[in-house]
Amino acid sequence: MNSKRWAALSLVVIAVGWFAYDAIERKRDDEHVRELMSAQRQRRSVEQAKPSTPTKPPSDMVVSLIPGNVWFVGKYEDGGGIEIPFPPGESPVKSSDETPKHDNPGFVGPDQCRECHQDKYESFLQTAHFKTSRPVNENTIDGKFEPGTNTFQTSDPNMSFEMIREDDEFLQRVKFFDWSFEVPMEIIMGSSKMAQTYLYWHKDRLYQHNVTHITDGDQWINSPGYIDGDAAYARPIPQRCLECHLTYFDYRGNNNQYTPGSLILGVTCERCHGPGQEHVNHHREHKGDREANAIINPAALDRQVQMDICGQCHGGTREMKGDALSFRPGDRLADHYDPPDDEADVKNSVHTSNQLNRLAQSKCFQQSMMTCIDCHDPHHNERGDRALFSSRCMNCHENESDCGHFPQEGITFAENCIDCHMPQRPTEKLRLKSVDGDVFPPLRDHFIRADQLATERFMREQAK
Ligand code: HEC
Ligand code: HEC
Ligand code: HEC
Ligand code: HEC
Ligand code: HEC
Ligand code: HEC
Ligand code: HEC
């Protein structure tokens, strides 16, 4: 039977199956049938979810070791295919305990701050900073795992992915012609505002998965920069990536080698306040001491130095001059990083938008002492609250009538200074490939100004 007929037949099977299912489901009073169905569904999901024992690729596939200790598996030597850092037919090796290469300079993690800063700690757990890297588990992972909803079919009919769950384990299954294998998802990167991407360990090395979940549309999609139709599981996670998305890690001195037990996930307290060990020890030993010891309050720093704290991660793609994680609150960015690499980066960078440089072009910034925390409270999740953000504009612009465009019929200016003056723009450099085409997540432009295009768009949307 040729493949077209197979496809037609399977559509029929799916359709028949669907209608049969629908008919049974409609008998809402028939408890028995529903119990049977649910038992059957569960059995099905268990059957499908079971990770299979790894098998070697069939003999008609090309298997070769390419530079960088990566295995390539394909149908042809020079076509697309699979790249993995572990031998085909084997699984990634679980990370093992290793002695750290460096002394931890005093990062203790946010849980240590809880006993004395309960309120800040609790509200901080809701922020994108806290959630930007997390262990994978059923509470943290997005996306669908039920059979029938858990697949990502690439534009190559012979390459697809299945996201599966087995007890507490979550895996990506790669299906390439009649060969398949699985890779566990271990660390989530991304707060889910836009997306989650997944990392896994092979020994003491960290790699990224091929399939990412994007929040918009609840879809499985290729990770940024990945080629649709390939399965790439050998992309190493460099230090700079962790430096922007984690609090601490011990680098083992080689590309993507880290000490597994050393990671402090999330961008947490100490990246803005400095390592907390000494502070915690001091205040545990001197319970009555109300004077803060050995910790930095960014509010007390000079303007540019304060903003450089945020600039570690919100200042565009800057190459490190020395070691990762050497920057401490109070330092100057220029002493640790090269400036962002190009004009485009300043315009609308990677996936960071370069708020630092964009904001600096605004009159608001140039003619006041504005810093990031005039509008952002790092300890609360204030996302999407336009009225709150607008109230912060009016800390300087006395009221809405300061706006040269005020008034307009049907528009409550005081509740939204944002969409006209800080519109969202697609991030040119964060290109996600989906089967339907490219996706560019939108980010807020921090160059605050009178923006005619954004105003027209906003007025049009309001008129609808
Ligand atoms: C054993 C109690 C204790 C622990 C644990 C603790 N702190 Fe504090 N912290 C204090 C006290 C006391 C002060 C001074 C009074 C105040 O500002 O609340 C303080 C003040 C601060 C300040 C303000 C500094 C200033 O100059 O205004 C920051 C920032 C801070 N702590 C951060 C942290 C971080 C981050 C952690 C966790 C790594 C932490 N603290 C853990 C007791 C503690
Ligand atoms: C220079 C710092 C920096 C580097 C390097 C960096 N990121 Fe990011 N990343 C950010 C910032 C900042 C955001 C948030 C964008 C925003 O909201 O403006 C972000 C957003 C993301 C998101 C989307 C999160 C969401 O749901 O909002 C993912 C996923 C992500 N990064 C993964 C990565 C991975 C993987 C790497 C390394 C290969 C990486 N990033 C490197 C700073 C960085
Ligand atoms: C993204 C950077 C950032 C993170 C993460 C962060 N803070 Fe802060 N924190 C600041 C800044 C900036 C200030 C000064 C402005 C202010 O008060 O909001 C501050 C002020 C403080 C203060 C003193 C001011 C006050 O209101 O008492 C304490 C205490 C504090 N932070 C504790 C924490 C703790 C505990 C955590 C983690 C649970 C944390 N911070 C996470 C940036 C951060
Ligand atoms: C160590 C890196 C790092 C530092 C330092 C840092 N950020 Fe972030 N910030 C991130 C990352 C990564 C994200 C994206 C989180 C995500 O969505 O996954 C982010 C997200 C944000 C967001 C978006 C929150 C949301 O829910 O939409 C704001 C606002 C923000 N940061 C402001 C600040 C400010 C202000 C400072 C300085 C006081 C700062 N950040 C310091 C890495 C950092
Ligand atoms: C820390 C004070 C401060 C804050 C907060 C602030 N601005 Fe401004 N803004 C200024 C100053 C100062 C100017 C220049 C003098 C003027 O035009 O009033 C300015 C100018 C502007 C301009 C004219 C820009 C131009 O190029 O002519 C716009 C538009 C504007 N602000 C919008 C906003 C919006 C929207 C917010 C909130 C998202 C905001 N501002 C928050 C201080 C501030
Ligand atoms: C519907 C879109 C829209 C909204 C909402 C809006 N603005 Fe404006 N704003 C404009 C436009 C357009 C201009 C340029 C007006 C001109 O030059 O005729 C402007 C100008 C300004 C200016 C520069 C002053 C001037 O006369 O050129 C400031 C400051 C400003 N707005 C602040 C605000 C603040 C604060 C808010 C929220 C309370 C706000 N705007 C809400 C569209 C808007
Ligand atoms: C004048 C007010 C203002 C200042 C100052 C400001 N921001 Fe923002 N920022 C906003 C608003 C408004 C949003 C949109 C928030 C939302 O919709 O949740 C935003 C969003 C963000 C986001 C999320 C990205 C996105 O596109 O949703 C990040 C990250 C961020 N700001 C970082 C910074 C950093 C870093 C600084 C300092 C360099 C800074 N901001 C200064 C007003 C400001």
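For ligands, and for the atoms within them, numbers begin at 1 and follow the listed sequence.
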Query - Salt bridge present between R332 and D308 (N-O < 4.0 angstrom) - result: yes

Requested in this report: Considering only NZ, NE, NH1 and NH2 on the basic side and carboxylate oxygens on the acidic side, decide whether E83 and R235 come within less than 4.0 Å.
Outcome: no

**Report entry** R449-S362 side chain donor-acceptor pair, cut-off 3.5 Å
**Finding:** no

Query raised in the report: So which protein heavy atom does atom 37 (C) of ligand 4 come closest to, and at what separation?
Result: C310 SG, 1.9 Å

Query raised in the report: Tell me: protein heavy atom nearest atom 12 (C) of ligand 4, and distance?
Result: C244 O, 3.2 Å

Requested in this report: Compute the centroid of each ring, for H376 and then for F389, and state whether the two points are separated by less than 6.0 Å.
Outcome: yes

**Report entry** Residue T268 vicinity, atoms of ligand 3 by number, heavy atom under 4.0 Å
**Finding:** 5 (C)

Query raised in the report: Is there a donor in the side chain of T132 and an acceptor in the side chain of H245, or the other way round, less than 3.5 Å apart?
Result: yes

Report task. Might you check, step by step, whether the distance between atom 17 (O) of ligand 3 and some protein heavy atom is under 4.0 Å? Result -> no

Query - Mode of L443 contact toward ligand 7 - side chain, backbone, both, neither (heavy atoms, under 4.0 Å) - result: both

Query raised in the report: Given R114, K120, Q112, which has its nearest heavy atom closest to atom 26 (O) of ligand 3?
Result: K120

Query - Pair Q118-E122, side-chain donor/acceptor within less than 3.5 Å - result: yes

Query raised in the report: What atoms in ligand 3 come closer than 4.0 Å to a heavy atom of C113?
Result: 35 (C)

Requested in this report: Taking only Lys NZ, Arg NE, NH1 and NH2, and the carboxylate oxygens of Asp or Glu, determine whether R252 and D204 approach each other closer than 4.0 Å.
Outcome: yes

Query raised in the report: Is L356 in contact with ligand 7, taking contact as a heavy-atom separation below 4.0 Å?
Result: yes

Query raised in the report: Would you call R240 and E319 a salt bridge, taking side-chain N to carboxylate O under 4.0 Å as the test?
Result: no

Report task. Examine H314 against ligand 4 and note whether any of their N/O atoms are separated by less than 3.5 Å. Result -> yes

Requested in this report: Could you find the nearest protein heavy atom to atom 14 (C) of ligand 3 and give me its residue, atom name and distance?
Outcome: N297 OD1, 3.3 Å

Query raised in the report: With a cut-off of 4.0 Å, which atoms of ligand 3 are near a heavy atom of H117?
Result: 29 (C), 35 (C)

Query raised in the report: With atom 8 (Fe) of ligand 3 at the center, what angle do NE2 from H379 and NE2 from H273 span, rounded to 10 degrees?
Result: 180°

Report task. Pull out every atom of ligand 3 sitting under 4.0 Å from any heavy atom of C272, numbered as shown with elements. Result -> 1 (C), 2 (C), 3 (C), 4 (C), 5 (C), 42 (C), 43 (C)

Query raised in the report: Would you call E243-R318 a salt bridge at under 4.0 Å N-O?
Result: no

Report task. Go through ligand 7 atom by atom and flag the ones less than 4.0 Å from a non-hydrogen atom of F389. Result -> 12 (C), 15 (C), 16 (C), 18 (O)

**Report entry** Metal site angle (apex atom 8 (Fe) of ligand 7), NE2 from H446 and NE2 from H376, 10 degrees
**Finding:** 180°

Report summary line: of all protein heavy atoms, closest to atom 5 (C) of ligand 4 is I309 O, 3.3 Å

Query raised in the report: Where on T132 is there a heavy atom closer than 4.0 Å to ligand 4, on the side chain, on the backbone, on both, or on neither?
Result: both

Report task. Select one of side chain, backbone, both or neither to describe which atoms of H129 lie under 4.0 Å from any atom of ligand 4, heavy atoms only. Result -> side chain

**Report entry** Heteroatom distance test (R383, ligand 7): nitrogen or oxygen, under 3.5 angstrom
**Finding:** no

Query raised in the report: Measuring from the heavy atoms of R392, does anything fall under 4.0 Å of ligand 7?
Result: no

Query raised in the report: Has the side chain of D302 got a donor or acceptor atom that lies under 3.5 Å from a matching backbone atom of Q304?
Result: no

Requested in this report: Mind checking whether C372 contacts ligand 4 via backbone (N, CA, C, O), side chain (CB onward), both or neither, at a 4.0 Å heavy-atom cut-off?
Outcome: side chain

Requested in this report: May I ask you to test the I188-K131 pair for a side-chain heavy-atom distance under 4.5 Å?
Outcome: no

Query raised in the report: At what distance is the nearest protein heavy atom to atom 24 (C) of ligand 4, and which residue and atom is it?
Result: A128 CB, 3.9 Å

Query raised in the report: Between Y233 and H209, is the gap from one ring center to the other below 6.0 Å?
Result: yes

Query raised in the report: Distance under 6.0 Å and angle within 45° of the ring axis: does R114 meet both against F124?
Result: no

Query raised in the report: Less than 3.5 Å between some nitrogen or oxygen of E243 and one of ligand 4, yes or no?
Result: no

Query raised in the report: Has R386 got any heavy atom lying under 4.0 angstrom from an atom of ligand 7?
Result: no

Query - Distance filter under 4.0 Å to T371 heavy atoms, resulting ligand 7 atoms - result: 5 (C)

Query raised in the report: Using a distance-only test with no angle check, is there a side-chain donor-acceptor pair under 3.5 angstrom linking D111 and Y121?
Result: yes

Query raised in the report: With a cut-off of 2.8 Å, does any N, O or S atom of C269 fall short of it relative to atom 8 (Fe) of ligand 3?
Result: no

Query raised in the report: Any non-hydrogen atom of I373 lying under 4.0 Å from ligand 7?
Result: no

Report summary line: Nearest heavy atom to atom 22 (C) of ligand 7, choosing from M370, Q355, R444, M307, belongs to Q355

Query raised in the report: Is the shortest N/O to N/O distance between G384 and ligand 7 below 3.5 Å?
Result: yes

Requested in this report: Take the angle between the ring planes of Y207 and H202 and call it parallel below 30°, perpendicular above 60°, tilted in between.
Outcome: tilted

Report task. Have a look at P329, A195, C241, C313 and point out the one with the heavy atom closest to atom 42 (C) of ligand 4. Result -> C313

Query - Test: E415 and R386 ion pair at under 4.0 Å - result: no

Query raised in the report: Do H336 and D331 have side-chain N/O donor and acceptor atoms under 3.5 Å apart?
Result: yes

Report summary line: If we number the atoms of ligand 7 from 1 as shown, the ones under 4.0 Å from a heavy atom of C375 are 1 (C), 2 (C), 3 (C), 4 (C), 5 (C), 42 (C), 43 (C)

Report task. Please identify which atoms of ligand 4 are closer than 4.0 Å to at least one heavy atom of G190. Result -> 18 (O)

Report task. State whether K94 and E186 are salt-bridged, where the test is any N-O pair (Lys NZ or Arg NE/NH1/NH2 against Asp/Glu carboxylate O) under 4.0 Å. Result -> yes

Query raised in the report: Backbone, side chain, both or neither: what part of T127 comes under 4.0 angstrom of ligand 4, heavy atoms only?
Result: neither

Report task. Could you list the atoms of ligand 7 found under 4.0 angstrom from a heavy atom of K193? Result -> 23 (C), 24 (C), 25 (C), 27 (O)

Query raised in the report: Protein heavy atom under 4.0 angstrom of atom 33 (C) of ligand 4, is there one?
Result: yes

Query - Heavy-atom donor-acceptor pair, R134 side chain to G190 backbone, under 3.5 Å - result: yes

Query raised in the report: What protein heavy atom sits nearest atom 13 (C) of ligand 3, and how far away is it?
Result: P298 CD, 3.8 Å

Requested in this report: Check the side chains of S160 and T151 for a donor-acceptor pair under 3.5 angstrom, ignoring hydrogens and angles.
Outcome: no

Requested in this report: Determine whether any heavy atom of I448 lies closer than 4.0 Å to an atom of ligand 7.
Outcome: yes

Requested in this report: Taking Q196 for its side chain and T140 for its backbone only, find out whether a donor-acceptor pair lies under 3.5 Å.
Outcome: yes

Requested in this report: Provide the number and element of each atom of ligand 3 under 4.0 Å from a heavy atom of F124.
Outcome: 5 (C), 38 (C)

